[in-house]
Amino acid sequence: MAASLVIGCGSDGSGDRPYLLQGAWTLRQIDYPIGHTETLTEVEGTELRLYDGDSVFHQCWMTRTESGLMVRPQVQFPVMLIDKGYGDYFYQEDDNPRPLAVVDDTTIVIQQNGIRYTWHRADDIADEWDSEIKGAFAVAETQDVETDVKLSYMLSTKERRQASFIHWLWAAIAVIAAIAGAIYVTGRRRRQQLQLQLQQIQETLAGRPQEVQQAIESVETDFFSSAEYQALLCRIATGQRLKDDEWPGVERQVRKVYPGFSSQLHNLYDMSELEYHVCLLVKLRVAPSDIAAVLARDASTISTVRSRLYRKVFGRKGGAREWDDFILSIGA
């Protein structure tokens, strides 16, 4: 069957939908060539795409909360879709071609470099928050901040908007030090940039609106009083080592409350497995002595790891407690 370009008057065969991709999609599963599968949920945090027809998409990180959606704008790219027939498409995103397959009316799979990304349709998000999410992109573009500083936005539910509690799109959480760009610079410039970014975090935290701070504290309070978190603490308190296949679960717990934490760490510094596990446990408020027990290391080793990370990242001598303070300040 000859390939045909999917244009504005085309149809995906569903009858009512003029475009195949139009609307919202959430990333639910990533299948890697080595056989590893990663599953994402709207509650823990996942990627969200809003397509305008089959030609442009807006992508952001999204977490669904009881109050609505928390989104962090990421990228906007043009796309092109060519129908190859039998549910297979040639999909071009930002001039990068990749296969796209339609599983059914609600599921598509896009491949890139051998990795399969499974997206599920999320019409309820498009119906309720399409204009607000796109508005967050417009607001983000006008912010007078460094280009690698990511802002998050809390989008209220319709009921809360109607009640005028949050009727407008408000800039919610200035979350991170702008560290991604720091990996491309070295020496003095890199240290100065990191110091500036840390200062920006501190200034942003001090200037947060009260309702934003209360929303963050509410999410943290709910998590740290949850049965799942308490069960993890009990497990750690016994001094049992966590198995390799248990660490993804620990990371998911962190991501529930701090969706950008892991990516910020990896952009910050190419950590070893031990260093990363120490940071995860620090973020979960685990005491250093318990961290040492779980990782089967001396307490002095855990202290050295934390102070060494501070020195490597900031280019100056610092203690383990200073590194802990930094870890606790990022990722929301």
Side-chain angles (χ1 to χ4, degrees), residues 1 3-6 10-14 17 19-64 69 71-126 133 180 244-256 259-267 273 276:
M1 179 179 294
S4 61
L5 180 66
V6 176
S11 174
D12 65 346
S14 62
R17 197 183 303 278
Y19 299 99
L20 172 66
L21 299 176
Q22 175 71 36
W25 299 81
T26 54
L27 180 61
R28 293 303 183 86
Q29 184 170 304
I30 305 174
D31 295 297
Y32 298 93
I34 60 174
H36 173 66
T37 296
E38 181 179 359
T39 301
L40 302 104
T41 69
E42 294 179 3
V43 175
E44 294 178 356
T46 184
E47 305 287 351
L48 169 70
R49 283 187 175 183
L50 289 176
Y51 282 91
D52 291 332
D54 291 329
S55 58
V56 176
F57 75 78
H58 303 72
Q59 180 168 306
C60 60
W61 180 265
M62 179 205 78
T63 304
R64 190 189 289 267
L69 292 184
V71 299
R72 183 168 67 247
Q74 294 177 325
V75 296
Q76 302 176 65
F77 281 140
V79 301
M80 182 176 69
L81 196 63
I82 299 176
D83 189 352
K84 298 168 60 178
Y86 303 103
D88 289 325
Y89 294 82
F90 179 84
Y91 175 79
Q92 184 165 301
E93 177 183 305
D94 191 35
D95 297 326
N96 293 314
R98 57 203 65 177
L100 181 149
V102 177
V103 178
D104 53 39
D105 289 343
T106 63
T107 306
I108 60 174
V109 177
I110 300 176
Q111 295 189 45
Q112 181 181 5
N113 299 325
I115 303 175
R116 291 166 51 89
Y117 299 86
T118 300
W119 297 83
H120 285 193
R121 186 173 290 284
D123 285 337
D124 60 325
I125 295 177
I133 294 173
D244 290 343
D245 59 1
E246 292 180 292
W247 283 105
V250 175
E251 186 173 4
R252 283 194 297 271
Q253 291 215 42
V254 172
R255 193 164 57 190
K256 285 181 180 179
F261 179 72
S262 294
S263 62
Q264 292 165 29
L265 274 185
H266 290 307
N267 288 334
E273 183 178 83
Y276 181 54

Tightest non-hydrogen contact, residues Thr63 and Glu44, listed as OG1-O, 4.4 Å
Contact check, side chains of Leu100 and Leu21, non-hydrogen atoms, under 4.5 Å: yes
Looking at Val102, Ile108, Thr106, which hits side-chain contact (heavy atoms from CB on, under 4.5 Å) with Asp104? Thr106
Can you name the nearest heavy-atom pair linking Glu251 to Ser262, along with the distance? OE2-OG, 3.1 Å
Could you check Ile133 against Ile125 for side chain to side chain contact (heavy atoms under 4.5 Å, CB included), going step by step and ending with a plain yes or no? CA-CA 10 Å; Ile133 294 173; Ile125 295 177; 4.1 Å; yes
Is there side-chain contact between Pro99 and Ile110, with at least one heavy-atom pair below 4.5 Å? no
Given side chains that start at C-beta, do those of Glu42 and Leu48 come closer than 4.5 Å, heavy atoms only? no
Strictly by modelled atom types, are Gln111 and Arg98 linked by a side-chain donor-acceptor pair under 3.5 Å? no
Separation between CD (Gln59) and CD (Glu93), nearest 0.5 Å, reads 7.0 Å
Donor-acceptor check, side chain of Asp123 to backbone of Gly23, threshold 3.5 angstrom: yes or no? no
Please tell me if the side chains of Glu38 and Tyr32 come closer than 4.5 Å, counting only heavy atoms from C-beta onward. yes
Pair Thr26-Arg28, side-chain hydrogen bond (donor to acceptor under 3.5 Å, both in side chains): steps then yes or no: CA-CA 6 Å; Thr26 54; Arg28 293 303 183 86; 3.0 Å; yes
Classify the angle between the aromatic ring planes of Tyr51 and Phe57 as parallel (below 30°), tilted (30 to 60°) or perpendicular (above 60°). tilted
Out of curiosity, Arg116 CZ to Gln29 CD, how far, rounded to the nearest 0.5 Å? 8.5 Å
Could you tell me which non-hydrogen atom of Leu81 sits nearest to which non-hydrogen atom of Tyr91, and how far apart they are? CD1-CD1, 3.7 Å
Can you confirm whether Glu47 sits close enough to Trp119 that some side-chain heavy atom of one is under 4.5 Å from a side-chain heavy atom of the other? yes
Considering non-hydrogen atoms only, spot the tightest contact between Pro97 and Phe90 and give its length. CB-CZ, 3.2 Å
Could you measure the distance from the CE atom of Met62 to the CG atom of Leu40? Nearest 0.5 Å is fine. 10.0 Å
Atom pair CG/NE2 of Leu27 and His120 - distance to nearest 0.5 Å: 9.5 Å
In short, Pro73 meets Cys60 closest at the heavy-atom pair CA-CB, 3.7 Å
How close do Gly114 and Pro33 get, heavy atom to heavy atom, and via which atoms? O-CG, 3.3 Å
Decide yes or no on side chain to side chain contact (heavy atoms under 4.5 Å, CB included) for Arg64 and Thr46, but give the supporting numbers first. CA-CA 9 Å; Arg64 190 189 289 267; Thr46 184; over 6 Å; no
Output the distance between atom OG1 (Thr41) and atom CZ (Arg255), rounded to the nearest 0.5 Å. 7.5 Å
